[in-house]
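A short write-up of the structure that comes next.
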There are 2 protein chains.
Amino acid sequence: MKTESEPQLSASLEDYLEAIFNLAGESEGARSKDIAETLSVARSSVTGALQALREKGLANYRPYGCITLTEPGRTLAAEVVRKHNILKSFFVNVLGVDADVAQQAACKAEHALGPEIIGRLLSFIKYVTESHRNGRDVAEEFRQFHKSRSGAKARKAQA
Amino acid sequence: MKTESEPQLSASLEDYLEAIFNLAGESEGARSKDIAETLSVARSSVTGALQALREKGLANYRPYGCITLTEPGRTLAAEVVRKHNILKSFFVNVLGVDADVAQQAACKAEHALGPEIIGRLLSFIKYVTESHRNGRDVAEEFRQFHKSRSGAKARKAQA
DNA sequence: CAGGATAGTTAGGGACCCCTAACTCTGTCA
DNA sequence: TGACAGAGTTAGGGGTCCCTAACTATCCTG
């Protein structure tokens with residue numbers, strides 16, 4: 001007997017889950033229209049996704065009703081959000097990328113990386129942070145390194 | 001006039017491009033069967049992809065003929081391969097992930113990250129490598145850090 | 001309460017990507 | 001040379017995801 005299979009959520013459905021999680025956090029339940037705006041998608045696409053999420057037991061949804069996540073849905077969404085934040089933090093705080101570039105990249109890459117790499121990335125961020133407290137700021141050192149490198153490149157290109 | 005649009009290659013077609021690039025490098029032109037094996041895909045799917053790549057001017061292909069890349073195709077493929085290698089190198093040499101896990105993750109993530117982040121990642125690998133030569137091996141330091149952290153976690157979980 | 005604005009849904013269709021089954025082509029070996 | 005094996009293709013179909021257009025429900029305000 002198998003009431004609920006674990007069907008490897010698609011990247012797209014993960015995005016919907018994440019959006020609902022974020023929107024439902026701010027208010028009480030998400031609105032279809034806001035999900036559509038968040039994901040830059042037509043409202044009708046949201047309806048379809050909600051039906052899929054309901055079938056998988058991840059979202060509480062009935063036509064014209066307000067949208068919340070089930071317990072398993074919340075768990076899954078939280079994991080996606082966690083990945084997202086770890087990636088964004090790595091891009092911003094270690095690599096020194098702009099927040100909005102990091103945001104977009106995290107959104108795409110979060111579907112591609114498994115727990116092994118995500119775990120190490122988190123660990124790495126902690127390592128870099130501690131290096132900062134220990135007076136050997138790896139992130140800052142790298143930023144200097146990168147600046148001088150790319151500066152040299154740019155000068156070369158201009159010649 | 002615009003003879004050749006640049007249609008944002010899909011992740012799937014990028015994978016085909018990469019496979020052809022790698023296979024054609026080893027011998028003279030790739031074989032459909034080997035592409036199918038490399039990508040774990042049916043042979044008929046390869047035919048479809050080849051037609052798409054030909055239409056985009058990226059692959060030289062005619063039915064039953066041998067498969068090579070055009071000049072623009074090679075350029076694009078080289079860029080994909082470059083991304084792939086940078087990611088894999090970061091996963092292996094900085095994060096200390098197993099080669100095969102890194103390989104798979106790089107394959108998925110390479111489609112998600114833009115030039116800005118890839119560039120910085122490359123820079124970061126160089127930085128870590130130099131830190132090694134300078135007697136302050138960031139990668140090694142991190143591996144120790146990660147080991148002690150995950151060790152502590154494991155011990156905690158066992159208690 | 002009526003009617004309009006807005007939100008949400010359904011219907012229908014397209015793009016992409018993959019599959020299996022059945023066919024055709026090609027090269028090789030007796 | 002003829003026939004077989006294996007490579008490659010075509011036909012047909014399924015799944016996902018998205019869109020527009022048109023319809024329906026809901027809400028709010030006069």
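Within every chain, numbering begins at 1; the chains are lettered A, B, ... in the order of the sequence lines, protein sequences first and strands thereafter.
- We find that A:K33 and A:E37 are joined by a salt bridge, their nearest charged nitrogen and carboxylate oxygen being less than 4.0 Å apart.
- The shortest distance between the side-chain N/O atoms of A:S10 and the OP1/OP2 oxygens of D:dC17 is below 4.0 Å.
- A 6.0 Å sphere centred on NE2 of B:H132 holds no more than 12 heavy atoms belonging to other residues, nucleotides or ligands.
- Spacing between atom CG of A:L13 and atom P of D:dT16 amounts to 9 Å, rounded to whole angstrom units.
- Checking the phosphate oxygens (OP1, OP2) of D:dT9, a side-chain nitrogen or oxygen of B:T47 falls inside 4.0 Å.
- B:E14 places its CD atom 15 Å from the P atom of C:dC16, with the value rounded to the nearest Å.
- With C:dT9, D:dG8, C:dC19 as the candidates, the nucleotide lying closest to the side chain of A:S32 is C:dT9.
- Judged by distance alone, the side chain of B:T38 and the main-chain N or O of B:A19 form no donor-acceptor pair under 3.5 Å.
- For the pair A:Y64 and C:dT6, the criterion of a side-chain N or O lying under 4.0 Å from OP1 or OP2 is not met.
- A:V41 comes within contact range of the sugar-phosphate backbone alone, with a heavy-atom separation under 4.0 Å but no base atom that close.
- Going from atom NZ of B:K33 over to atom C1' of D:dT9 covers 17 Å, rounded to whole Å.
- A salt bridge links B:E116 with B:R120; the closest basic N to acidic carboxylate O contact falls under 4.0 Å.
- Between A:S44 and D:dC18 there is no side-chain N or O to OP1 or OP2 distance below 4.0 Å.
- Look at A:R136 and A:E130 and you find no salt bridge, because none of the NZ, NE, NH1 or NH2 atoms lies under 4.0 Å from a carboxylate O.
- Across the protein-nucleic acid pair, B:D34 atom CG and D:dA7 atom P stand 9 Å apart, rounded to whole Å.
- In this structure, A:L50 places its CG atom 16 Å from P of C:dA7, rounding to the nearest Å.
- Rounded to whole angstrom, the span from the OH atom of B:Y61 across to the P atom of D:dG8 amounts to 9 Å.
- In this structure, B:Q51 does not reach the D:dT9 phosphate: none of its side-chain N or O atoms is under 4.0 Å from OP1 or OP2.
- In this model, the phosphate group of C:dC18 is approached by a side-chain N or O of B:Y16 to a distance below 4.0 Å at OP1 or OP2.
- Following rounding to the nearest Å, A:R54 (CZ) and C:dG8 (P) show an atom-to-atom distance of 15 Å.
- Within the nucleic acid shown, B:S12 comes within 4.0 Å of sugar-phosphate atoms alone, with no base atom in reach, counting heavy atoms only.
- Protein atom CG of A:L17 is 13 Å distant from nucleotide atom P of D:dC17, rounded to whole Å.
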